[in-house]
Visitor: 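Provided herewith is a single structure, encoded as structure tokens, for subsequent inquiry.
When a ligand or atom number is given, it counts from 1 through the structure's own listing order.
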Amino acid sequence: MKALIVANWKMNPATWRTAKRLFEATKEAADYAKSVTVVVAPPALYVRELRSLSRGKRITFALQNVHYGSTGAYTGEISCAQAKDAGILYAIIGHAERREMGETDDDTRKKVAAALAADITPILCVGETTRSANGEYFNTVKEQLRTGLADVAPAKLGRVIITYEPLWTIGADKAMSPRDMHEMAIFIRKTVVEMRGENGMSTKILYGGSVDESNAGEMLRRGDVHGLLVGRASEDGDKFMALMNAIHNA
Ligand code: PGA
């Protein structure tokens, strides 16, 4: 199975000129690591032009956020239909940084449903903000999954990607251990199957948070995940090449 790497550029880089350069490096890394499927999530403003530079099908695109409406009076928002029309195939939904800005579980529910209706693959991010020893974080994740997936028909569960990305590992010094991720992946799969039926077995699970070339191979081998969501290590051409190199040769 090919590992899925989602390169979340967040609100970077600062100029179109740098974005083009980063994209050239990203393409080169993707061409080299043929065992990896690369999805780039740049600032929405850059997507159409990057797509025209992408030639061929090695790289596809995601939006970092979408709105659940189709068109209308929603200043500053982008709909799934507009994303689809721009050739975008994925949407990140409920990223921890957006949840910090006020996005709720109920918002993610509407966005996941809108994405599927527009034939966009939702990448639903879940994860606690902090971890305590009493295991309360399992309840947080369960609730995020329960609400976020509430409007997904069981037959569509195979089209949904769940990213476990707790806030405490994002922009941190260290990723979570593959062993802890393995435990969480089992929990996520069990929760989805219990709530929505056997089709939940086909939902893909990714890990995100401080992924780089030093930990990616091990996470893919031992973390029970189909891929990784990468922030900082995708925002620099050399770092992304090192990451793809590590994954391809793992
Ligand atoms: P990071 O970010 O890889 O820089 O920790 C991950 C993310 O938030 O997508």
Visitor: Taking the six-membered ring for Trp, are Phe23 and Trp9 parallel (under 30°), tilted (30 to 60°) or perpendicular (over 60°)?
Guide: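 The arrangement is perpendicular - the two ring planes meet at more than 60°.
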Visitor: Looking only at the side chains, is there a donor atom on one of Lys174 and Asn215 sitting less than 3.5 Å from an acceptor on the other?
Guide: no
Visitor: Side-chain contact, heavy-atom cut-off 4.5 Å: Tyr207 with Leu220?
Guide: no
Visitor: Show the atoms of ligand 1 that are less than 4.0 angstrom away from any heavy atom in Leu229.
Guide: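 Within the 4.0 Å cut-off of Leu229, ligand 1 contributes 7 (C), 9 (O).
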Visitor: Would you check whether Gly208 reaches within less than 4.0 Å of ligand 1, judged by its heavy atoms?
Guide: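 Gly208: no contact with ligand 1 (<4.0 Å).
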Visitor: Any nitrogen or oxygen of Ala233, main chain or side chain, under 3.5 Å from a nitrogen or oxygen of ligand 1?
Guide: no
Visitor: Which heavy atom of the protein is the closest neighbour of atom 4 (O) of ligand 1, given with residue, atom name and distance?
Guide: Arg232 NE, 2.7 Å
Visitor: Counting heavy atoms not belonging to Lys204, are there more than 12 under 6.0 Å from its NZ?
Guide: no
Visitor: Salt bridge or not between Arg146 and Asp105? Use side-chain N to carboxylate O under 4.0 Å.
Guide: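 Asp105 and Arg146: not salt-bridged.
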Visitor: Counting each atom of ligand 1 from 1 as listed, which ones have a heavy atom of Gly171 under 4.0 Å away?
Guide: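 Checking each atom against Gly171, I get 1 (P), 5 (O).
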Visitor: Students should be able to answer this: which protein heavy-atom is nearest to atom 2 (O) of ligand 1, and at what distance?
Guide: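 Of every protein heavy atom, Lys10 NZ, 3.2 Å lies nearest to atom 2 (O) of ligand 1.
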Visitor: To which protein heavy atom is atom 6 (C) of ligand 1 closest, and what is the distance rounded to 0.1 Å?
Guide: Glu165 OE2, 3.4 Å
Visitor: Apply the side chain to side chain contact (heavy atoms under 4.5 Å, CB included) test between Leu167 and each candidate in Glu100, Arg131, Glu128; give the one that qualifies.
Guide: Glu100
Visitor: So, does Glu235 sit close enough to ligand 1 that a heavy atom of it is under 4.0 Å from the ligand?
Guide: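 No, that is not the case, since the closest heavy atom of the residue is not under 4.0 Å from the ligand.
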Visitor: Could you identify the single nearest non-hydrogen protein atom to atom 3 (O) of ligand 1 and state the distance to 0.1 Å?
Guide: Gly231 N, 2.9 Å
Visitor: Is it the case that ligand 1 has an N or O less than 3.5 angstrom from some N or O of Ile170?
Guide: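 No: no nitrogen or oxygen of Ile170 is under 3.5 Å from one in ligand 1.
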Visitor: When you measure from the side chain of Glu213 to the backbone of Ala242, do you find a donor-acceptor pair of N or O atoms at a distance under 3.5 Å?
Guide: no
